[in-house]
Engineer: 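What follows is a structure written as structure tokens; I'll ask about it next.
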Amino acid sequence: MVGNQTEIKDPENLSADPRRFSFDFSYWSHDEFKERPDGYLEPTGTKYADQQTVFNDLGKGIIDNAWKGYNCSLFAYGQTGSGKSYSVVGYGKNQGIVPLFCDDLFDGIEKKRSTAGENEEYQVSLSMLEIYNEQVRDLLNPKTIAIKGGLKVRQDPKKGFYVEQMTLKQVNSYEEIDSKINEGTRNRTVASTNMNATSSRAHTIIGINFTQKCPNDVGESMTRTSIVNLVDLAGSERADSTGATGDRLKEGSAINKSLSTLGNVIKALADQSTGNKKVVVPYRDSTLTKLLQNALGGNSKTIMIAALSPADINYEETLSTLRFADRAKAIKTTATVNESPTDKLIRELREENAKLMEMIKSGGITLPIGGGGGGYTTDEVEEMKRQLQEQLNQNQSEMEQMKKSWQQKLAESEQENLGKLEEDKKKNEDRKVIPHFWNLNEDPALTAMVIHFCNDGKSTIGTKNAQPPPNIQINGLSIQKQHAIVTNKGMNVTLEPCSGAKILVNGQKIAKGVQLHHNDRVLFGPNHLYVFHHPKDASKNMKEGKSEETPTFDSANEEIAEKAGLVRHDGATSGKIVSPYSSVLF
Ligand SMILES: Nc1ncnc2c1ncn2[C@@H]1O[C@H](COP(=O)(O)OP(=O)(O)OP(=O)(O)O)[C@@H](O)[C@H]1O
């Protein structure tokens, strides 16, 4: 990284000149940092770009634009393990753009609210989606995650593509939005573990809708809205470089479909911006590009983060990421401020609904989206009617939302959100005193997201189909209705497999009850991997100054492979190894 330039050398031809790419920013984050006692990684020289630096350069701009009423998007592109999630969401004390953005946004709202007049309102709502194998899952509504084929993506002439039935949760503070995002990440963890899916192959879209209602100079109520999409894309590595086969290959090609379409869209938009207006932009070719249409070529101010690995073995992928980013920087979006008199917006929705009513009455023959005339089958007409009704209902609820006062909405959402916050707080307290299992996932962002407590007495472990329902529910391949029983007797915890159930403790298959110890690794079935935490032992170790080695996904898998005789004893590892990490931004 030299100024805003990123240089890359071919490891097989080091004497050749490096290739140079210029961006708005180029950040180095591979070395020259140290960990503060609280866990924050801070620079030891001038080279390392910490999370706050990146946020100051990029996040603050998004905040300013959101306040002005522009739609904003940020998406992170790069191969698995290169630092996309680190930049977008962050880990622990090293918060990424999403939490820092939310914190700053609510700080600003609180300041405004403290001096706000009666007719000023500030409102934030959150959505969280995952695209996996071209299918959309709503991470804020676990019930929809299991829907076969995922949620439907529809097109509206004004809004563009949108996800039918998507949850939009109103949030009133930083704590509430943080708790909701954690809930979404937990749902994502459970879903990916149950389906034995690789999370790095999923795209995550966090949507923040920010609405301000303020009177203008002549006292007329104005509504200003901004939709902020923060996108953590799936790993961009090509399927042939991952050695994937079978389902993994199918999964890989679906992800590649989204990412290769993203590449095609970016190429087409870049061509357009150089004057070739005839190019057709293939948004419709993948779910991802449909949902990112606005972010890529429409009404949005957009930032792309390209995350790179400096390791030699990743040279080809890194070069391809840089080329991708280089093409993307040519794109020019045309963002406009989304501001209208509130009454006008309500009137437009009312008029549109009157038209939709007419269309439904006349048999739904005119498609809402550029449709033609007759010749439809009964099923097609029914489907059109259903779409029209759906749109009508959506407009109706949007209209009601606009008419409702902030106070009313606050009262409605507060109760639910408060309950969740209390729940989170209690869980955190319980973790200090009750023995429990915490999950390990190959994606560090999804690790320690699922907690199962071993309460006093007996707890059953099994699937949701068990009768009576188990105390600890895990679902998925090879998990039995009654899989195990965990007993906590005076803080002594034992784990006993049910007949036929597969459980490994520290890599060893168990056939009868065993006592669990702090930091034991427990694998239920083929892929539900947990660490057992005993709070008493943990605090004893701390008091005695004993250093603890916290198990990781890789170390637990190596242990399993070793016990099964699959690994050499020379320290060779088996999992993915991609060394750290630098990010380029433009
Ligand atoms: N800028 C950075 N400084 C220090 N550590 C980093 C940085 N970026 C990434 N890391 C570390 O590298 C590891 C991988 O990063 P991350 O999970 O963000 O990769 P990713 O690109 O999101 O991968 P995936 O596609 O699997 O989600 C994490 O343990 C993270 O803490």
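Just so you know, these numbers use all the heavy atoms, side chains as well, and skip hydrogens, waters and symmetry mates. Counting starts at 1 for both ligands and their atoms, in listed order.
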Engineer: Return the orientation label for the Phe23 and Phe21 ring planes: parallel under 30°, perpendicular over 60°, tilted otherwise.
Structural biologist: parallel
Engineer: How does Tyr77 reach ligand 1, if at all, at less than 4.0 Å between non-hydrogen atoms: by side chain, backbone, both, or neither?
Structural biologist: neither
Engineer: Considering only heavy atoms of Leu41, which atoms of ligand 1 have at least one such atom less than 4.0 Å away?
Structural biologist: 4 (C)
Engineer: Suppose I only count heavy atoms of Ser85 and a 4.0 Å limit; which atoms of ligand 1 are within that range?
Structural biologist: 18 (O), 20 (P), 22 (O), 27 (O)
Engineer: Parallel, tilted or perpendicular: which describes the rings of Tyr530 and His528, with under 30° parallel and over 60° perpendicular?
Structural biologist: parallel
Engineer: Taking only heavy atoms of Gly83, which atoms of ligand 1 are found under 4.0 Å from at least one of them?
Structural biologist: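 So the atoms of ligand 1 that pass are 8 (N), 9 (C), 15 (O), 16 (P), 18 (O), 19 (O), 20 (P), 21 (O).
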Engineer: Considering Thr204, Thr80, Asp31, Asn441 one by one, which has a heavy atom nearer to atom 26 (O) of ligand 1 than any of the others?
Structural biologist: Thr80
Engineer: Give a yes/no verdict on whether any heavy atom in Ala307 is under 4.0 Å from an atom of ligand 1.
Structural biologist: no
Engineer: Indicate yes or no for a side-chain donor-acceptor contact from Ser127 to the backbone of Leu168 under 3.5 Å, with no hydrogens or angles considered.
Structural biologist: no
Engineer: Can you check whether Ala335's main-chain N or O pairs, donor with acceptor, with Thr333's side chain at less than 3.5 Å?
Structural biologist: no
Engineer: Strictly below 4.0 Å, N to O, side chains only: are Asp31 and Lys47 in salt-bridge contact?
Structural biologist: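 Judged by the 4.0 Å cut-off on N to carboxylate O distance, Asp31 and Lys47 do form a salt bridge.
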Engineer: Using only atom types and a distance under 3.5 Å, with no angle test, would you say the side chain of Asn187 pairs donor to acceptor with the backbone of Leu139?
Structural biologist: yes
Engineer: How does Asp443 reach ligand 1, if at all, at less than 4.0 Å between non-hydrogen atoms: by side chain, backbone, both, or neither?
Structural biologist: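 Within the 4.0 Å criterion, Asp443 contacts ligand 1 through side-chain atoms alone.
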Engineer: May I ask whether Tyr48 has any heavy atom positioned less than 4.0 angstrom from an atom of ligand 1?
Structural biologist: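 The answer is yes: ligand 1 sits under 4.0 Å from a heavy atom of Tyr48.
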Engineer: Could you list which atoms of ligand 1 come closer than 4.0 Å to a heavy atom of Gln79?
Structural biologist: 21 (O)
Engineer: Please check: side-chain N/O of Asn229 versus main-chain N/O of Leu292, any donor-acceptor pairing under 3.5 Å?
Structural biologist: no
Engineer: Relative to ligand 1, is Tyr86 under 4.0 angstrom through side chain, backbone, both or neither, heavy atoms considered?
Structural biologist: both
Engineer: Assess the pair His533 and His518: is the distance between their ring centroids shorter than 6.0 Å?
Structural biologist: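 Judged by ring-centre distance (under 6.0 Å), His533 and His518 do meet the cut-off.
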Engineer: Short list, please: which atoms of ligand 1 are under 4.0 Å from a heavy atom of Tyr91?
Structural biologist: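 Those atoms are 16 (P), 17 (O), 18 (O), 28 (C), 30 (C), 31 (O).
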Engineer: Below 4.0 angstrom, N of the basic side chain to O of the carboxylate: do Lys180 and Glu183 qualify?
Structural biologist: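 Answer for the salt bridge query: yes.
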Engineer: Would you kindly specify which portion of Glu442 sits under 4.0 Å from ligand 1, judged on non-hydrogen atoms: side chain, backbone, both or neither?
Structural biologist: neither
Engineer: Polar contacts were defined as any N/O atom of the residue lying under 3.5 Å from an N/O atom of the ligand; does this apply to Lys84 and ligand 1?
Structural biologist: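 Yes; at least one N/O pair falls below 3.5 Å.
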